[in-house]
Enquirer: 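Quick one: structure below, then a few questions.
Below, chains carry the letters A, B, ... as their sequence lines are ordered, and counting in each starts from 1. If you're wondering where the values come from, they're calculated on a predicted model, not measured in any experiment.
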Number of protein chains: 2
Amino acid sequence: MPKQVDHEQRRRVLSEAVFAVISTQGFEAVSLRDVAEQAGVSMGTVQHYFPTKQQMLSFALSHMRERVMARLQAAIAALCEPTRRDLIRAATAVMLPVDPAGREEACVNIAFFSAATVTPAYAEQLRDGYGRVLTVSVANFREAARLGELRDGIDPDVEAPALYFLTQGLIGPVLVGLYSPDQALLLVDAQLDRMFRPASP
Amino acid sequence: MPKQVDHEQRRRVLSEAVFAVISTQGFEAVSLRDVAEQAGVSMGTVQHYFPTKQQMLSFALSHMRERVMARLQAAIAALCEPTRRDLIRAATAVMLPVDPAGREEACVNIAFFSAATVTPAYAEQLRDGYGRVLTVSVANFREAARLGELRDGIDPDVEAPALYFLTQGLIGPVLVGLYSPDQALLLVDAQLDRMFRPASP
DNA sequence: ATGTTTTTAATGCGATTGCATGATAACGAC
DNA sequence: GTCGTTATCATGCAATCGCATTAAAAACAT
C-alpha cells in the first residue's frame, strides 16, 4: 500500500485555511489558489482532497460547526460546578465574536448565511446546525425551570429562543463595530438577570 | 443642451437590479454584465453611471437603507391612531423577511454585512444606518415609558436594543427556513407583551 | 436642420477563475 | 531493492471578470 494520509484530518486543515481566507479577504475572494497558498500547499493538493470548490466549501461549513461545538465544550469544561445559568451564559459567549477565534467563526458563519440565501445546500446545513443548538438551549432552559432556577412567569419555550436569537442578532453589530463585545455581553447578562432568580446566598 | 437624464434616479434603478442579482444569484455573482442584463441595458450604461463596481455596490447599499426607510414610513402611515407599541411592532415587521420585498432586502443586507467584515467602507455605512435605527427605537421606547405604556421595571435603554437585536437575529433563521415568519412575529409579540402594559379597555 | 454634448452600445484586453491533465516525489508491500 | 499506489505539484485551457476604448444614437440650443 502507498503513502497513507488521514484524509479527514487533511480536509480539516484545508478548511482552516478556507476560514482564514474568508475572514481576512471575504467569501467571494475564496479561490483554490488562495486556499492552497494559505495552507502552504499547491493548488493540486487542494483539488486532490476536494474535487470541486463547492465540496470544499460544504465540508468547511460542516467543519465549522464541529469547531464551534468543540470550543463550546471546552468552555463548559473549564467551569467548575456550573449552574444552568453558567452553562447558558458560556454557550452565549462562545457564539459571540469576543475573541479572535470567535470573530473568525462569526465571519465565516455570516458569510455562509449570506450564501445560503441562494444555495439550498448551505441553507440545509445551517438549519440543521442551528436547529440543534436551539434544541439544546431550550432543553437547558427547561431543566433550569424544573430546578426552580427561573423566575415566576418565565416560559422556557419562549425565553430560550429569544435569548438565542438575541445572541445571533448581536453578532453582526459586534462584527461591524456598532456594538462592543462588552456591551453585547452586558445586554445578555441583563436578559439572564431578568430570567433567573438571584443566586441564593 | 443634450439629452437630459436624472442621474440619481438612474442609479437607483440600477441599484434595484443589483438587489435582484444579489437576492437571486448571490453577492459573489454580481458582475457588471449581470447587473446590466437584469436592468435591461448594456454594460456600458452601467459603467457610465458607476465608474467602478465598488462605487456601484456602495451606492446600492446606501439606496437600500433609503428603501427600507421608505417602506417603514409607508407601513407607519398605513396605521390609524397608532400606539407606541403599534409603531414599534410595525418597524420590527418591516425589518423581518415576511414578504418578497422584505426578503429581498434581508438577503441584500446580510450579504453586505458579510462583505463588511472585510470592507471597512461597508462596515461604516452599516454602522451608521443601523445605529440610526437603534437610536430611533430607543427614543420610541423612552417615549412609551414617559407615556406610562411600559410595565414596571422595564428599562427602555435595555429593552429597546434587546428587541432590536432579537429582530436582527431572527432575520437569518427566517431566511434559511429555520423559523417561519409567523413564528418570528409570535416571538416578537411575546416580547412586546412582556414589555407593554395590556391595552386599557 | 445642424452642431454639440450626453447617453447608450459594442468590443477588446489583461488578469483571474475553476477544473483537467500529466509529470514528479514519496511511501509501503513484496 | 523493485514495483505499484498515492500524494503532491506544475501547467494548460476555456470562461469570465472589471475596466478601457471607441463608435453610434439621441436629444436639446441654435
Side-chain angles (χ1 to χ4, degrees), chain A residues 1-61 63 108 111-112 114-115 118-119 121-122, chain B residues 1-61 111-112 114-115 118-119 121-122:
Chain A
M1 293 296 277
K3 184 173 170 184
Q4 206 64 352
V5 172
D6 185 340
H7 279 224
E8 285 299 305
Q9 170 63 17
R10 216 85 166 112
R11 291 199 183 94
R12 282 191 286 268
V13 170
L14 291 176
S15 291
E16 294 289 331
V18 172
F19 299 159
V21 173
I22 290 180
S23 63
T24 59
Q25 302 173 244
F27 190 81
E28 60 181 344
V30 174
S31 71
L32 300 185
R33 288 165 179 82
D34 288 344
V35 172
E37 188 185 6
Q38 177 72 37
V41 298
S42 77
M43 205 181 77
T45 300
V46 177
Q47 288 182 284
H48 180 66
Y49 291 103
F50 297 116
T52 70
K53 181 184 177 182
Q54 192 69 212
Q55 294 180 39
M56 176 181 75
L57 291 172
S58 201
F59 182 93
L61 177 52
H63 175 54
V108 173
F112 274 106
S114 174
V118 291
T119 307
Y122 296 157
Chain B
M1 291 301 277
K3 182 173 168 185
Q4 205 65 347
V5 171
D6 185 339
H7 279 223
E8 286 297 307
Q9 169 64 16
R10 215 83 167 112
R11 291 198 183 95
R12 282 190 286 267
V13 170
L14 291 177
S15 292
E16 295 288 332
V18 172
F19 298 158
V21 173
I22 290 180
S23 62
T24 60
Q25 303 172 244
F27 191 81
E28 59 182 344
V30 174
S31 71
L32 300 185
R33 288 166 180 83
D34 287 344
V35 172
E37 187 184 7
Q38 176 72 37
V41 299
S42 78
M43 205 180 78
T45 299
V46 177
Q47 287 183 286
H48 178 67
Y49 291 103
F50 296 115
T52 70
K53 181 184 178 182
Q54 192 69 212
Q55 293 181 38
M56 177 180 73
L57 290 172
S58 202
F59 183 93
L61 177 53
F112 274 106
S114 174
V118 292
T119 308
Y122 296 155

Enquirer: Just to confirm, is there a sub-4.0 Å distance from OP1 or OP2 of C:dT7 to any side-chain nitrogen or oxygen of B:His7?
Expert: yes
Enquirer: From NE2 of A:His48 over to P of D:dT6, roughly how many Å is that when rounded to an integer?
Expert: 9 Å
Enquirer: Take the protein atom CZ of A:Phe50 and the nucleotide atom C1' of D:dA7, then report the distance between them rounded to whole Å.
Expert: 15 Å
Enquirer: Which one of B:Phe50, B:Phe59, B:Tyr49 satisfies the ring-ring contact (aromatic ring centres under 6.0 Å, His included) criterion with B:His7?
Expert: B:Tyr49
Enquirer: What is the distance, rounded to the nearest whole Å, between atom CD of A:Glu37 and atom C1' of C:dT16?
Expert: 14 Å
Enquirer: Could you check how far CD of A:Gln9 sits from C1' of D:dA7, rounded to whole Å?
Expert: 16 Å
Enquirer: Is B:Thr45 close enough to C:dT7 that one of its side-chain N or O atoms is under 4.0 Å from OP1 or OP2 there?
Expert: no
Enquirer: Out of curiosity, B:Leu61 CG to B:Met56 CE, how far, rounded to the nearest 0.5 Å?
Expert: 12.5 Å
Enquirer: Check every strand shown and say whether B:Tyr49 touches a base, only sugar-phosphate, or nothing at a heavy-atom separation below 4.0 Å.
Expert: sugar-phosphate
Enquirer: Nearest 0.5 Å please: distance from the CD atom of B:Gln47 over to the CD atom of B:Gln55.
Expert: 12.0 Å
Enquirer: Rounded to the Å, how far apart are A:Asp6 CG and C:dC27 C1'?
Expert: 16 Å
Enquirer: Between B:Gln54 and B:Tyr122, is there a side-chain donor-acceptor contact under 3.5 Å, judged purely by atom types and distance?
Expert: yes
Enquirer: Check whether any side-chain N or O of B:Arg10 sits under 4.0 Å from OP1 or OP2 of C:dT8, and answer yes or no.
Expert: yes
Enquirer: When rounded to the nearest 0.5 angstrom, what is the spacing between CG in B:Asp34 and CD1 in B:Ile22?
Expert: 11.5 Å
Enquirer: Dump every N/O contact between nucleotides 14-18 of chain D and the protein below 3.5 Å, one line per pair.
Expert:
unit_1	atom_1	unit_2	atom_2	d
D:dG18	OP1	B:Val30	O	3.3
D:dG18	OP1	B:Lys53	NZ	2.9
D:dG18	OP2	B:Leu32	N	3.0
D:dG18	N7	B:Arg33	NH1	2.9
D:dG18	O6	B:Arg33	NH2	2.9

Enquirer: What distance do B:Ser31 atom OG and B:Lys53 atom NZ have between them, rounded to the nearest 0.5 Å?
Expert: 7.0 Å
